[in-house]
There are 2 protein chains.
Amino acid sequence: MVKGKPRERRKDDRPAEILQAAVDEFAEKGFANAKIQSIATRAGVAKGTVYLYYTTKEEIFEAIVRDRIQPVFAMASAMSEQWQGSQADLLRQIITHFYGQMIENDERRMILKTLISEGERFSELAAFYHREILVGGRKMLRELIRKGIESGEFRDGLYAKEPMVLVAPAIHAAIWKMTFDSVEKLNTRRWLEAHLELILHGALSKPSI
Amino acid sequence: MVKGKPRERRKDDRPAEILQAAVDEFAEKGFANAKIQSIATRAGVAKGTVYLYYTTKEEIFEAIVRDRIQPVFAMASAMSEQWQGSQADLLRQIITHFYGQMIENDERRMILKTLISEGERFSELAAFYHREILVGGRKMLRELIRKGIESGEFRDGLYAKEPMVLVAPAIHAAIWKMTFDSVEKLNTRRWLEAHLELILHGALSKPSI
DNA sequence: TCGACAACTGACCGTCGGGTCATTAACTAG
DNA sequence: CTAGTTAATGACCCGACGGTCAGTTGTCGA
C-alpha cells in the first residue's frame, strides 16, 4: 500500500504503482475476484484514478504480462546465445531458471494461472502471449536441440519436432502448486531434478533408438 | 436441451438432466461465467428447480467431478491390474487412454480447467480430487514403475519418486488446447508420441546412468 | 496572489446474477 | 371426485461491482 498525502499529484509514478498493486491483488484473489476498488486502495488512490490510467481490468492484466513475463524469457534467450558449454547443461540451466522465475515466484505463477484460467476469454491476450513468448521460447529450444544433435550429444527424435515437451513438466509443477499445495506441498527441488533426469535419460534401462 | 410438457414432474430424472446441462454450460462458458438460469434452460426447467436438487453452483460442479472424472481413472486402474504385457507398453496404454479421455474430450478437459482455475477457492473440491483421484493415480504409477524396475525394463531413478512427472506433459497439452488452440492448433497425436518417446528414451544419445 | 488547468476523488448508476419463496399445478391415495 | 402432498415455477430481492462524471483541490505560470 503506497502512502502519501491525499490528493497528491504524481502522474508519472501512478501507472507503476497501480500495476504493482494490481499484481498483488491478482496474486491474492485471482483475476475474476480482483476488485478495482481494492487495487485502488492498495495503490493509495481512489477508484476513479485507476481508470485515469487504465481503461479496463483486462488492460491492466495485459500490461502486467508485458512488464513481468517478457523479461524472464529475454533473459533465457540471452543466456542461450552466449552459452559456451554443452547443450545438455544449457538445457538444465534454462529449465532451472524457468522454475526459479516462473514456478517458485508467486507473482509470475499467478500470471500464468490467470492466463490459463481466462485465456479463452481474452483471446487477444492469448495471441499476444503466443506471439511474443511461446514462439520465441520454442525457437530457442529447437536451436538448442539442433546444436545438440549436430554435436552428437542428443539423439534425433519426435521430441525435436515438439520441443515444448521438454519443458512441459514445469507447467504441471506450477499447476500443482496453485491447486493442491494446501493439501500436499510440492517438493519443487526434487520435482525439478526428476524432470531433468527424465527428459535427459528417459525411463528405459536399455533405450533401443 | 431437454424437452417435455411444462411442469411435468420427473423427480428421478431431474438430477442427471441438470448435471448434463451443467456440464454443457460449464464447458461452453467456464465456471465463473456459467449462469444457473442458463443451466436451467438447457435442462428444460425453471431456475428454482435447479435449487431443489443442488444447493449451490459449487455443489453442481463437485457432482460433475465425482460423476465424470472418477470413471476414467477407475478404468485405468482396472487395465493396470489385469495387464499381462510389458510395463512400458502398459505405460503407453495408460497415457494414451488419458489423452483420449481427458485431453481430447471437451467435457472432461473443461472440468480439468475449472479445477485448475478455481481450485484454490474451492479447497474442499481440490482436497476431494487429490484424495480420490491423484493419490490413487500416483500409486498406480509407482506400482507400474516398481514392476518395471524389478523386471529390468526400467532403470531406477528420481522419476520413480515423482512418478507424476511421467504424465506431466499431458497437462501441458490440455492447457495448450484450452488456451492457445485458437491461435495455433495442437497436433495432439504427434504431441502424445513425442511425449511417450521422450519419457521412455530421454534426449541424450548416450545415457550415462 | 490568483486564475486556469488537470490530477484526483468518491458518490452514484446500471447491470447482473445467485438465491428465495409465495404461488401454481401435477400427481395420488382414499 | 376431492383433498392433500409436493414438484415445479419465475417474479422478486439484494448485494456486488465495473465503470462514470460532476465536483474538489493541488500545482504552476503569469
Side-chain angles (χ1 to χ4, degrees), chain A residues 1-26 28-64 114 117-118 121-122 124-125, chain B residues 1-26 28-64 114 117-118 121-122 124-125:
Chain A
M1 169 105 86
V2 177
K3 293 257 174 73
K5 296 167 200 154
R7 276 179 179 268
E8 206 171 355
R9 296 161 66 115
R10 295 187 295 105
K11 185 179 167 56
D12 292 347
D13 299 338
R14 295 295 191 214
E17 288 172 7
I18 292 169
L19 216 63
Q20 181 58 49
V23 168
D24 295 343
E25 172 75 2
F26 285 148
E28 197 172 297
K29 304 280 179 57
F31 183 82
N33 281 59
K35 318 293 173 224
I36 299 285
Q37 177 59 66
S38 176
I39 293 174
T41 307
R42 281 173 195 266
V45 121
K47 186 163 64 149
T49 304
V50 173
Y51 285 97
L52 291 179
Y53 296 99
Y54 300 98
T55 314
T56 62
K57 211 173 158 182
E58 284 83 348
E59 195 186 304
I60 299 177
F61 186 74
E62 298 192 8
I64 291 176
T114 303
S117 307
E118 330 269 339
R121 291 202 297 138
F122 309 125
E124 158 50 38
L125 186 60
Chain B
M1 171 102 87
V2 177
K3 292 261 173 71
K5 296 166 200 154
R7 277 180 179 269
E8 204 171 356
R9 295 162 65 115
R10 296 185 294 106
K11 186 179 167 59
D12 293 346
D13 299 338
R14 294 296 190 213
E17 288 173 7
I18 292 170
L19 216 62
Q20 181 57 49
V23 168
D24 295 342
E25 171 75 2
F26 285 148
E28 197 172 298
K29 304 280 180 58
F31 183 83
N33 281 59
K35 319 289 175 227
I36 300 286
Q37 177 58 64
S38 177
I39 293 173
T41 306
R42 282 172 195 265
V45 120
K47 185 161 66 150
T49 305
V50 173
Y51 285 97
L52 291 178
Y53 296 99
Y54 300 97
T55 314
T56 62
K57 209 173 160 183
E58 283 84 347
E59 197 185 304
I60 299 178
F61 186 74
E62 296 192 10
I64 291 176
T114 304
S117 307
E118 329 269 338
R121 291 202 298 138
F122 309 124
E124 157 50 37
L125 186 60

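Chain A is the first sequence line, chain B the second, and so forth, proteins listed ahead of strands; every chain is numbered from 1. No hydrogens, no waters, no symmetry mates; every other heavy atom, side chains included, goes into these values.
Between B:Thr114 and B:Ile64 the shortest side-chain heavy-atom distance does not fall below 4.5 Å. B:Arg14 is listed as a side-chain neighbour of B:Val45, based on a closest heavy-atom distance under 4.5 Å.
Nucleotide C:dC8 holds its P atom 9 Å from the CD atom of A:Glu17, rounded to whole Å. In this structure, A:Glu8 atom CD and C:dA6 atom C1' are separated by 16 Å, rounded to whole Å. A:Arg10 places its CZ atom 14 Å from the P atom of D:dC28, with the value rounded to the nearest Å. What separates CG of A:Asp12 from P of C:dA7 is a distance of 10 Å, to the nearest Å. Straight-line distance from the CZ atom of B:Arg14 to the C1' atom of C:dA26: 12 Å, rounded to whole Å. What separates CD of A:Glu25 from P of D:dC17 is a distance of 10 Å, to the nearest Å. To the nearest angstrom, C1' of D:dC28 lies 16 Å from NZ of A:Lys11.
Considering all non-hydrogen atoms of both residues, A:Ile39 and A:Ile18 come closest at CG2-O, 4.0 Å.
The CZ atom of A:Phe26 lies 11.0 Å from the CG atom of A:Asp24; values are rounded to the nearest 0.5 Å. Between atom CD of residue A:Glu28 and atom OG of residue A:Ser38 there is a gap of 7.5 Å, rounded to the nearest 0.5 Å. Taking CD of A:Glu8 as the reference point, atom CG of A:Asp13 lies at 9.0 Å (rounded to 0.5 Å).
Interface residues of residues 32-39 of chain B facing DNA chain D, ordered by number: none; criterion, heavy-atom separation under 4.0 Å. Interface residues of residues 46-56 of chain A facing DNA chain C, ordered by number: A:Ala46, A:Gly48, A:Thr49, A:Leu52, A:Tyr53; criterion, heavy-atom separation under 4.0 Å.
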| said: With side chain to side chain contact (heavy atoms under 4.5 Å, CB included) as the criterion, how do A:Leu19 and A:Tyr54 come out once you've worked through the C-alpha distance, each side chain's angles and the decisive distance to 0.1 Å? | reply: CA-CA 10 Å; A:Leu19 216 63; A:Tyr54 300 98; 3.4 Å; yes
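OP1 and OP2 of C:dT28 both lie 4.0 Å or more from every side-chain N or O belonging to B:Arg9.
Put simply, the residue from A:Arg42, A:Lys35, A:Gln20 that forms a side chain to side chain donor-acceptor pair (under 3.5 Å) with A:Glu25 is A:Arg42.
Within the structure, salt bridge (Lys or Arg N to Asp or Glu O under 4.0 Å) pairs that include any residue of residues 46-61 of chain B do not occur (at least two apart or interchain).
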